[in-house]
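Notes to accompany the following structure.
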There are 2 protein chains.
Amino acid sequence: MIIRCELEPGARFTEHELVEVFGVSRTPLREALKILASEGLVEMRPHRGSTVARISPKEIAQTFDVLGALEELAGPLICDRVSNVDIARLDQITTEMSSKRDAADRNSYFELNISFHQSMIGLSGNAVLLNTYNQLFAKLQRARYMVNDDQNRWSESAKEHAWIMDALRQRDGAELSRRLKEHNTRTAQAILAKLDA
Amino acid sequence: MIIRCELEPGARFTEHELVEVFGVSRTPLREALKILASEGLVEMRPHRGSTVARISPKEIAQTFDVLGALEELAGPLICDRVSNVDIARLDQITTEMSSKRDAADRNSYFELNISFHQSMIGLSGNAVLLNTYNQLFAKLQRARYMVNDDQNRWSESAKEHAWIMDALRQRDGAELSRRLKEHNTRTAQAILAKLDA
DNA sequence: TCGTCAATTATTGCATACAAAATTACATTG
DNA sequence: CAATGTAATTTTGTATGCAATAATTGACGA
């Protein structure tokens, strides 16, 4: 609900309120809340109610920067290990993305986009890297939902994905790094620009 | 206790056991456990007892790789913002490290080492980067405790810190990146070699 | 009108108890 | 002896209640 912005950033709530919303008692609710707090999605301030963590443009930009660095690390690792089957799977994801884009099916498109990036980074074979990447990517998902980026950006993004896949097919690690990073930068700019407006 | 290896990696325990150890009830204990699990320090397997997460040489190596990428990102950011006061503070930490090293005060030395690296990355001004870095660094702390690296490595490490500080003083971002990464690689090798033996 | 202090209320922290789920041990059968 | 089903035990998931803490309100005095 937080990631999908069904709970607005900054929204304040008490444990009691959530108990009524979810129909569970405070014990499991608190356990969940503490985890969300440790992940930075919720801020708990004892006796003042918890709040859905706000996410500032600055934090979004910083998160993109870190993701960029991780993608840069991943590039050569991926090219060292990627198989033709892996490439085929990624191709399939991009194909499905196109169809979801044409159908303007936003939720499915977003999920496939996550899938594309996480599958890509997963090919690095570095589980710590993938884990770190996923956590940060998830936090940005909120920003994506907020700006609801337009079809224009979606089609640009598709071209960039194809461009990335070309580097992957050539097993050119350094080039893959550059293209991943470039895609990352453009996505960041698109989201931050929309957020300004 | 986990980070200091006072709880052995792989050790199994039930909630009931920990309740007796810590003298609290299951409710707050479970909240703590869930957080540790979400941070990857504990693995919870329902009805089979939880275990202290094991940390493999492979995972250590992968973590160092990610830290290296983060340091690479940090280098230029740091040099863009660092003040003379900041540099003086870092110098002071290295001085204190030397004295703790001479006194063979392992715990203090480790804490100062954490302080040095985290202060350095903090100078990047990127809070997300610092946060990510800290989490990964903390997980490696366990490995440091395990291998209890020797005075030999400590003195090498001190030289590398001085070498890093030189690049910082010259505000050479690219060079700072390289030296941070080199230090990272050497530390990783030292720890992994010791772990083998 | 402002500030201070006390009383009230809201909110949380923790302990306990019960129920459900899964594992383990054990007996029975082929 | 292996395999399977069942009972007993372990372990966990959740609900509830009480106590403690902090925030808020209101009254009183300067």
Side-chain angles (χ1 to χ4, degrees), chain A residues 1-56 59 111 114 127-128 130-132 134-135 138-139 141-142 146, chain B residues 1-56 59 111 127-128 130-131 134-135 138-139 141-142 146:
Chain A
M1 289 175 71
I2 292 176
I3 284 178
R4 290 184 195 153
C5 286
E6 289 164 27
L7 284 175
E8 209 172 344
R12 177 187 174 278
F13 52 86
T14 66
E15 294 175 2
H16 182 67
E17 286 167 18
L18 291 186
V19 160
E20 302 220 325
V21 171
F22 294 110
V24 297
S25 73
R26 279 181 56 220
T27 303
L29 186 93
R30 279 172 59 85
E31 291 176 358
L33 268 186
K34 292 240 171 181
I35 293 173
L36 290 176
S38 87
E39 288 172 352
L41 289 177
V42 161
E43 287 172 11
M44 297 183 81
R45 289 176 311 173
H47 300 279
R48 280 194 281 180
S50 299
T51 56
V52 176
R54 293 175 191 280
I55 182 165
S56 64
E59 191 179 349
E111 277 176 29
I114 295 175
V128 177
L130 177 61
N131 218 53
T132 307
N134 284 353
Q135 271 191 35
K139 286 185 87 170
Q141 204 57 21
R142 280 211 292 171
M146 280 196 285
Chain B
M1 289 175 71
I2 292 176
I3 285 177
R4 291 185 195 153
C5 287
E6 288 164 27
L7 284 176
E8 209 173 343
R12 178 185 174 277
F13 52 85
T14 66
E15 295 174 1
H16 182 68
E17 286 166 17
L18 291 186
V19 159
E20 301 219 324
V21 171
F22 293 113
V24 297
S25 74
R26 279 181 57 220
T27 303
L29 185 93
R30 279 172 59 85
E31 290 175 358
L33 268 187
K34 292 240 170 179
I35 293 172
L36 291 176
S38 86
E39 289 172 351
L41 290 177
V42 161
E43 286 171 12
M44 296 182 82
R45 289 176 312 173
H47 300 280
R48 282 195 280 181
S50 299
T51 56
V52 176
R54 293 176 191 278
I55 182 167
S56 64
E59 190 179 350
E111 277 177 28
V128 177
L130 177 61
N131 218 53
N134 284 352
Q135 270 190 35
K139 286 184 85 169
Q141 203 58 23
R142 278 211 293 171
M146 282 194 284

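Throughout, a chain's letter reflects where its sequence line sits, starting with A, and its residues are numbered from 1. Bear in mind that the values here come from a model prediction, so they are computed numbers and not experimental data.
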Applying a 4.0 Å non-hydrogen cut-off, can you work out what A/R48 is touching in the nucleic acid: base, sugar-phosphate, or nothing? sugar-phosphate
Does B/E39 come within less than 4.0 Å of B/K139, counting only side-chain N to carboxylate O? no
Any side-chain N or O of B/S25 below 4.0 angstrom from OP1/OP2 of C/dC14? no
Under 4.5 Å between any side-chain heavy atoms of A/F13 and A/V52, yes or no? yes
Would the base of D/dT21 count as contacting A/H47 through its side chain, where contact means a donor and an acceptor less than 3.5 Å apart? yes
B/E15 has its side chain closest, among D/dA23, C/dC14, D/dT12, to D/dT12
If I take atom NZ in residue B/K34 and atom P in nucleotide D/dT14, what distance separates them, rounded to the nearest angstrom? 7 Å
Can you check the B/M44 CE to D/dG13 C1' distance for me, whole Å? 10 Å
Counting heavy atoms from C-beta on, name the nucleotide in C/dC14, C/dT12, C/dA21 closest to the side chain of A/T14. C/dT12
A/R30 side chain near C/dG13 phosphate (N/O to OP1/OP2, under 4.0 Å): yes
Using atom NE2 of B/H16 as one end and atom C1' of C/dA17 as the other, report the distance to the nearest whole Å. 15 Å
Of C/dC14, D/dT12, D/dA23, the nucleotide closest to the side chain of B/R26 is D/dT12
Would you say CD of B/E8 has more than 12 non-hydrogen atoms from neighbouring residues, nucleotides or ligands within 6.0 angstrom? no
Without decimals, in angstroms, what is the distance between B/L29 CG and C/dG13 P? 16 Å
Quickly, which of B/K34, B/R30, B/E31 forms a side-chain contact (heavy atoms from CB on, under 4.5 Å) with A/R30? Name it, please. B/E31
side-chain contact (heavy atoms from CB on, under 4.5 Å) for A/V42 and A/T51? Distances and angles first, verdict last. CA-CA 6 Å; A/V42 161; A/T51 56; over 6 Å; no
Quick check on DNA chain D: between B/P46 and B/T27, whose nearest nucleotide comes earlier from the 5' end? B/P46
Would you say A/R12 reaches C/dT11's phosphate, i.e. side-chain N/O to OP1/OP2 under 4.0 Å? yes
Assign each of A/P28 and B/R45 the nucleotide of DNA chain D bearing its closest heavy atom; nearer the 5' end lies the nucleotide of B/R45
Using atom CG of B/L33 as one end and atom P of D/dT12 as the other, report the distance to the nearest whole Å. 9 Å
